[in-house]
Amino acid sequence: MKANKSIGCTVQQCAHHCQSENFCSLDRITVGTHEANPKGIQCTDCESFRVR
């Protein structure tokens, strides 16, 4: 698994997380929202997340 230094990640439960470093291994991720009118960081989601 190769760390993508352009995508930082601290979610160790994700299958794409590089366990030895706080980076994602994907080339690109998709960020979405679960809110109709997002106003804060807590309203956004990494839609590329997959459970380890």
Side-chain angles (χ1 to χ4, degrees):
M1 186 174 285
K2 186 174 186 304
N4 180 340
K5 303 287 183 164
S6 296
I7 306 174
C9 180
T10 58
V11 183
Q12 295 183 357
Q13 297 81 0
C14 182
H16 307 297
H17 184 269
C18 294
Q19 293 301 302
S20 60
E21 303 177 80
N22 280 331
F23 292 102
C24 182
S25 63
L26 295 174
D27 290 332
R28 67 184 276 280
I29 63 168
T30 301
V31 177
T33 184
H34 56 272
E35 302 278 335
N37 188 17
K39 297 195 184 291
I41 193 170
Q42 69 275 15
C43 301
T44 61
D45 306 296
C46 178
E47 295 179 348
S48 300
F49 173 82
R50 297 293 173 262
V51 177
R52 179 174 298 282

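For the numbers below, each heavy atom of this structure counts, side chains included, while hydrogens, waters and symmetry mates do not.
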To the nearest 0.5 Å, what is the distance between NZ (Lys2) and CD (Glu21)? 9.5 Å
Please give me the minimum heavy-atom distance between Asn4 and Asp27, naming the atom from each residue. ND2-O, 3.4 Å
Between atom NE2 of His17 and atom SG of Cys24, what is the distance when rounded to the nearest 0.5 Å? 8.5 Å
Please confirm whether the backbone N or O of Ser48 pairs with a side-chain atom of Thr30, one donor and one acceptor, at under 3.5 Å? no
More than 12 heavy atoms from other groups under 6.0 Å of CZ on Arg52: yes
How close do Gln19 and Gln12 get, heavy atom to heavy atom, and via which atoms? NE2-O, 3.3 Å
All heavy atoms of Phe49 vs all of Val11, minimum pair found to be CE1-CG1, 3.8 Å
For the side chain of Thr10 and the backbone of Asn22, is there at least one donor-acceptor N/O pair under 3.5 Å apart? no
Can you tell me if Asp45 uses its side chain to pair, donor with acceptor, with the backbone of Glu47 under 3.5 Å? no
To the nearest 0.5 Å, tell me how far Leu26 CG sits from Cys14 SG. 7.0 Å
Closest heavy-atom contact between His34 and Gln42? CE1-O, 3.4 Å
